[in-house]
Number of protein chains: 2
Amino acid sequence: MKDLVSACPIEDVMRVLSGRWPTLLLYYLKDGTKRFSDLQRDNPSISHRMLTLELRKLEKAGIARRTMFEGYPLRVEYDLTETGLKLIPLIDALGDWWQTAAPASKKVAARSLEAV
Amino acid sequence: MKDLVSACPIEDVMRVLSGRWPTLLLYYLKDGTKRFSDLQRDNPSISHRMLTLELRKLEKAGIARRTMFEGYPLRVEYDLTETGLKLIPLIDALGDWWQTAAPASKKVAARSLEAV
DNA sequence: GCGTGGTTACAAAAACATGCGTAATTTACT
DNA sequence: AGTAAATTACGCATGTTTTTGTAACCACGC
């Protein structure tokens with residue numbers, strides 16, 4: 001039986017941020033409150049199933065907040081918590097690091113291809 | 001292995017850092033040069049195969065450097081590149097963020113995420 | 001035959017996609 | 001007026017694909 005909360009905080013962080021979607025969603029949510037359908041439009045390649053699952057994960061981790069409005073058609077809004085907002089500059093720093101550091105090996109080619 | 005370059009830098013970064021091992025290996029490599037067997041000892045729960053695969057990934061991403069010495073028994077050493085070293089404070093910042101921001105609710109979150 | 005750093009083939013698990021169903025109200029069509 | 005269809009944010013069942021794990025084997029020199 002594994003440890004539920006690991007000794008290393010980095011392990012815990014990566015349990016939340018790992019994968020294709022979490023940081024991307026952060027990236028879109030930083031612009032402000034978004035509805036489910038907004039996020040779908042922002043990132044058409046995510047399936048609606050993944051979108052719900054990932055949003056729940058972010059919510060449970062205290063990064064995003066989910067607000068549901070009564071009535072039909074359904075309306076649900078998502079935005080970042082204080083904690084989530086603090087995460088943004090850290091994610092950005094990672095992006096910057098990637099772009100500035102060791103450009104040679106990374107920019108193998110200006111390839112178009114599946115842009116998200 | 002998938003190509004490391006896409007439209008969004010964050011996507012690229014996470015393609016390298018996602019998963020259980022990359023950041024952990026970073027964490028151990030930051031202490032200095034390590035041999036394959038050192039890393040195995042540092043983190044006994046990683047499988048032999050995963051360790052080689054992850055190390056190759058870090059190498060390919062320009063984060064770690066692999067130095068092989070001729071002769072037997074084989075000797076291979078790993079350490080961080082300049083680029084890799086620059087990544088360390090960013091990873092640390094993520095760890096700090098996790099610990100400082102709403103610590104109580106997160107330990108709960110980490111637990112419930114496992115259940116999912 | 002042990003220890004080193006690997007590889008290969010195969011199995012298991014996790015991540016992710018696809019398509020259908022649901023709700024109450026509004027719009028559109030006949 | 002009456003019916004059909006669209007809307008929204010999901011849940012569920014069932015794929016497919018990707019990642020990770022297991023185990024065995026290789027090379028070599030001592």
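So that the names make sense, note that chain A is the first sequence line, chain B the second, and so on, each numbered from 1.
Residues B:L80 and B:M68 are members of one and the same hydrophobic cluster, defined by side-chain heavy-atom contacts under 4.5 angstrom among Ile, Leu, Val, Met, Phe, Trp and Tyr.
Atom pair A:R41:CZ and D:dT8:C1' shows a separation of 12 Å (rounding to whole Å applied). We find that CZ of B:R75 is positioned 15 Å from C1' of D:dG29, with the value rounded to whole Å. Distance, B:Q40 CD to C:dG5 C1': 9 Å, rounded to whole Å. Per the geometry, CE belonging to A:M68 stands 15 Å off P belonging to D:dT8, to the nearest Å. Going from atom CZ of B:F69 over to atom P of D:dG29 covers 19 Å, rounded to whole Å. The interatomic distance linking B:R35 (CZ) with C:dT4 (P) rounds to 7 Å, in whole Å. B:D38 has its CG atom 16 Å from the P atom of C:dG3, to the nearest Å. B:K34 has its NZ atom 13 Å from the P atom of C:dG5, to the nearest Å.
Scanning both residues, B:P22 and B:E54, for their nearest heavy atoms gives CG-OE1, 3.4 Å. For the residue pair B:P9 and A:G95, the shortest heavy atom distance occurs at CB-O, 4.0 Å. Closest approach of B:M50 and B:I46 over heavy atoms only: CB-CG1, 3.6 Å. The nearest pair of heavy atoms linking B:G19 to A:S18 is N-OG, 2.8 Å.
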Pairs counted only when both distances fall under 3.5 Å, Watson-Crick or G-U: show me the 5' to 3' dot-bracket for DNA chain C, [ ] for pseudoknotted crossings and | for other-strand partners.
|||.||||||||||||||||||.|||||||
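Between the CG atom in B:L26 and the CD1 atom in A:I10 there is a gap of 8.5 Å [rounded to 0.5 Å].
Using a 4.0 Å heavy-atom cutoff across all strands shown, B:Y78 reaches sugar-phosphate atoms only and no base atom.
Taking only side-chain nitrogens and oxygens, B:S37 never comes nearer than 4.0 Å to OP1 or OP2 of C:dG3. Contact between the side-chain N/O atoms of A:R56 and the OP1/OP2 oxygens of D:dG11 is found at a separation under 4.0 Å.
Paired with B:N43 under the rule side-chain contact (heavy atoms from CB on, under 4.5 Å), one option of B:L25, B:L24, B:L51 passes, and it is B:L24. Shown are B:R35, B:K30, B:K34, B:R65; of these, the salt bridge (charged side-chain N to carboxylate O under 4.0 Å, His left out) with B:D79 is made only by B:R65.
Ring geometry, B:H48 versus B:F36: the interplanar angle exceeds 60°, so the pair is classed perpendicular (tilted spans 30 to 60°).
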Quick one: what's the B/S/- string for nucleotides 16-24 of chain C, heavy-atom cutoff under 4.0 Å, read 5' to 3'?
BBBBB--SB
